[in-house]
Each structure stands twice: as C-alpha cells, then as structure tokens.
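Below: the structure, in structure tokens.
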Amino acid sequence: MLLLIVKIVFAHLLGDFVLQTNKMVKDINEKGIKSISLFVHTAIHLILLLVVTGFESKYILGVWMLGFSHLVVDIFTKIYLAKKINSIKVLLLDQVLHALCIAGFVYYYYPYAIDWDIVIGKNAIALYSALVLLVYVSPIVIKKIIEQFKFTVPNNGLDNAGKYIGILERLFIFLFVVLQRWEGIGFLLAAKSIFRFGDLKANKEIKLTEYILIGTLISFGMGIGIALLYNLIVSL
C-alpha cells in the first residue's frame with residue numbers, strides 16, 4: 001500500500017507542479033472550461049498514473065476514475081472558486097480535494113481503517129487548539145495590548161506583513177519548543193533583530209524600537225507558553 005501511495009503522490013506532484021506550465025495555468029484561468037490546456041493537463045495526469053502503476057490491468061479502472069476526478073476538482077477549484085476566493089485558498093483547497101481523491105483510490109485497492117484516536121484524540125485536539133491559539137488568537141491579543149500604547153506605526157511596508165511575520169515566528173517557536181530545540185529560538189530572535197536593525201536605524205525613532213520590542217517579546221512569550229502548555233497536556 002505504501003508503495004502505491006508514493007507512486008500516486010509522485011505522479012500528482014509531477015503533473016501539478018512540474019509539467020503544468022505557467023502558460024497552461026494562464027490559459028485555464030482565461031478560458032475556463034473551454035481551455036485546451038485543462039484537458040491536456042488532465043491527460044498528462046492520466047498518462048503519469050498509468051506509467052507509475054506499470055499499466056497493470058487491476059489499476060486501469062481506478063486510474064481512469066482518478067484522472068476524471070482530477071478534472072472535476074480542477075474545474076471546481078481553478079475555474080469556479082477562482083472567481084470567488086483568493087489564489088492561496090484555491091491552491092490549498094485544490095490540493096486537499098486531490099489528496100482526498102488519492103486516499104479514495106488507495107482505499108479501493110487496499111482498504112484501511114482510520115485510527116480516530118490519532119485524528120480526534122487528546123493529543124490531536126491539543127495540537128489543533130495550539131494552532132488556533134498561535135495563528136488566530138495570538139494576533140488579536142497582541143494587537144489589543146499594543147493598541148494601549150497609542151503609537152501609529154509608519155505604514156510603508158506590505159499590508160499585514162507584521163501579522164504574518166508574527167504568526168510564522170510563533171509557529172517556528174512552537175516547533176522548536178516541542179522538539180526541545182531551544183537554540184532555534186535564539187537563532188530566530190537573532191535573525192529578526194538583524195533584519196529589523198536597518199529599519200530602526202533609518203527611522204531613528206525610539207518609540208518604534210520600543211513598539212517592535214514589546215510586540216516581539218509578547219509574541220515570543222505566547223509562542224513559548226502555548227508550546228509548553230501543549231507539551232504538558234501531551235505528557236498527561
């Protein structure tokens with residue numbers, strides 16, 4: 001079963017990210033269901049699936065069904081949803097749906113049982129809760145605390161860049177703490193300091209320095225605290 005999963009995933013990655021050119025993507029975006037590139041892309045996937053499964057007769061039906069499902073998913077995500085949501089969400093949903101189709105394909109040939117204790121057990125729920133705290137709750141809490149200082153940040157950077165930088169740094173911190181790699185936090189803090197030094201030096205604004213320092217320390221503190229709480233729950 002594992003070998004089949006590896007083969008199918010490899011074929012999918014080749015078809016979606018290596019052999020699908022920017023020209024094909026543009027053509028699909030512009031012409032939609034009438035795009036020749038959409039069907040060429042599906043045909044490429046079908047050929048790749050046939051090749052990786054060695055043209056074995058027992059896989060032929062499943063391969064055709066998987067190829068057809070790939071076309072349906074692409075029409076739904078790249079043509080229908082592309083007009084309603086941003087490209088990142090389209091990409092994520094597109095890949096999730098393809099993954100579900102692949103899971104169904106594998107299950108057809110090698111029925112497997114899902115261990116729900118892993119998916120919705122104590123450790124899993126603790127992980128999901130930690131991610132929600134890191135990605136969604138923390139930015140709100142930090143923003144509310146920072147607002148108390150009534151300092152207007154110079155708006156000459158990317159929109160919401162600070163928010164996303166904070167989310168990424170907390171995710172990295174969480175990973176470092178869970179893996180007991182505390183030195184990684186020091187590296188992260190040093191790297192952020194180096195990149196921020198030029199901006200702070202150019203602005204020559206003490207309030208901005210203090211603002212960034214407070215935000216950084218709160219963010220790091222929340223990341224470490226959430227990770228330690230997660231480790232504690234997992235260990236119980």
Side-chain angles (χ1 to χ4, degrees), residues 1-22 24-25 28 32-33 35-82 84-85 87-132 134-135 171-172 174-175 178-181 227 230-231 233-236:
M1 182 176 74
L2 180 59
L3 179 58
L4 179 62
I5 294 173
V6 172
K7 286 180 177 180
I8 299 301
V9 170
F10 177 64
H12 173 74
L13 294 175
L14 279 179
D16 251 19
F17 298 101
V18 178
L19 300 180
Q20 183 176 207
T21 65
N22 291 333
M24 292 171 66
V25 173
I28 294 172
I33 192 69
S35 170
I36 298 298
S37 296
L38 176 66
F39 299 97
V40 171
H41 174 63
T42 303
I44 290 173
H45 266 280
L46 187 59
I47 293 171
L48 288 170
L49 290 170
L50 289 169
V51 171
V52 297
T53 55
F55 292 91
E56 292 186 45
S57 58
K58 68 176 182 178
Y59 293 126
I60 295 297
L61 176 60
V63 164
W64 277 98
M65 292 301 294
L66 189 56
F68 178 72
S69 69
H70 193 98
L71 174 61
V72 173
V73 169
D74 278 359
I75 291 173
F76 176 63
T77 57
K78 297 178 181 178
I79 297 175
Y80 176 72
L81 286 183
K84 300 179 180 298
I85 58 178
S87 58
I88 295 297
K89 292 180 180 178
V90 169
L91 175 62
L92 291 175
L93 185 57
D94 179 70
Q95 295 306 310
V96 167
L97 292 176
H98 286 317
L100 291 175
C101 291
I102 292 173
F105 171 86
V106 174
Y107 182 83
Y108 179 77
Y109 292 101
Y110 300 96
Y112 52 85
I114 298 175
D115 188 344
W116 291 106
D117 284 338
I118 295 177
V119 179
I120 56 174
K122 181 195 70 174
N123 292 352
I125 297 299
L127 178 60
Y128 303 151
S129 299
L131 292 176
V132 170
L134 292 166
V135 176
L171 289 173
F172 277 119
F174 179 81
L175 181 63
V178 170
L179 296 178
Q180 295 295 308
R181 295 293 183 181
Y230 169 79
N231 282 343
I233 294 173
V234 169
S235 67
L236 295 177

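All figures in this text were calculated on a predicted structure; none of them were measured in a lab.
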Checklist entry - Can you list the residues that meet the side-chain contact (heavy atoms from CB on, under 4.5 Å) rule with I75, with sequence neighbours excluded? => result I33, L38, L71, I79
Item to check | Atom of A11, atom of L48 and distance for their closest heavy-atom approach | outcome: O-CD1, 3.5 Å
Checklist outcome for this item: Residues pairing under side chain to side chain donor-acceptor pair (under 3.5 Å) where one sits in residues 5-18, two or more places apart or in two chains, turn out to be H12-Q95, D16-H41, D16-H45, D16-H70, D16-Q95
Item to check | Pairs satisfying salt bridge (Lys or Arg N to Asp or Glu O under 4.0 Å), at least one member in residues 54-71, at least two apart | outcome: none
Item to check | All side chain to side chain donor-acceptor pair (under 3.5 Å) counterparts of S35, not counting sequence neighbours | outcome: D27
Checklist entry - Residues two or more places apart in sequence or in another chain: which of them pass side-chain contact (heavy atoms from CB on, under 4.5 Å) with V6? => result L2
Checklist entry - Counting heavy atoms not belonging to Y108, are there more than 12 under 6.0 Å from its OH? => result no
Checklist entry - About how many Å separate CD1 of I114 and OH of Y107, when rounded to the nearest 0.5 Å? => result 8.5 Å
Item to check | L81 vs D94, side-chain contact (heavy atoms from CB on, under 4.5 Å): CA-CA, chis, key distance, verdict | outcome: CA-CA 10 Å; L81 286 183; D94 179 70; over 6 Å; no
Checklist entry - Who are the ring pair (Phe, Tyr, Trp, His ring centres under 6.0 Å) partners of Y80, not counting sequence neighbours? => result F76
Checklist outcome for this item: Value for OG1 (T77) from CG (L91), rounded to nearest 0.5 Å, stands at 9.0 Å
Checklist entry - What distance separates L134 CG from F172 CZ, expressed to the nearest 0.5 Å? => result 12.5 Å
Next on the checklist: To the closest 0.5 Å, what do you measure between CG (L175) and CG (L171)?
Outcome noted: 9.0 Å
Checklist outcome for this item: Residues at least two apart in sequence or cross-chain that pass salt bridge (Lys or Arg N to Asp or Glu O under 4.0 Å) with D74, listed by chain then number, are K78
Checklist entry - Distance from Y109 atom OH to I5 atom CD1, nearest 0.5 Å? => result 14.0 Å
Next on the checklist: Pair I8, T53 - check side-chain contact (heavy atoms from CB on, under 4.5 Å), show working.
Outcome noted: CA-CA 8 Å; I8 299 301; T53 55; 4.0 Å; yes
Checklist entry - Where do F174 and A130 come nearest, in terms of heavy atoms and distance? => result CE1-CB, 3.7 Å
Checklist entry - Considering residues at least two apart in sequence or located in another chain, which fulfil the side-chain contact (heavy atoms from CB on, under 4.5 Å) criterion with L100? => result V96, L97
Next on the checklist: So, using side-chain contact (heavy atoms from CB on, under 4.5 Å) as the criterion, who are the partners of V72 when residues are at least two apart?
Outcome noted: F68
Checklist entry - Is the number of heavy atoms from other residues, nucleotides or ligands within 6.0 Å of CD1 (I36) greater than 12? => result no
Checklist outcome for this item: Residues passing the side chain to side chain donor-acceptor pair (under 3.5 Å) test with T42, sequence neighbours excluded, are none
Taking only distance into account, with no hydrogens and no angle test, what donor-acceptor pairs under 3.5 Å do side-chain atoms of residues 59-67 form with protein atoms, sequence neighbours excluded?
{"residue": "Y59", "atom": "OH", "partner": "Y110", "partner atom": "OH", "Å": "3.3"}

Next on the checklist: I need the minimum non-hydrogen distance between V90 and A82, along with the two atoms involved.
Outcome noted: CG2-CA, 3.9 Å
Checklist entry - Do any pairs count as a side chain to side chain donor-acceptor pair (under 3.5 Å) and have a residue in residues 111-128, sequence neighbours left out, and if so which ones? => result none
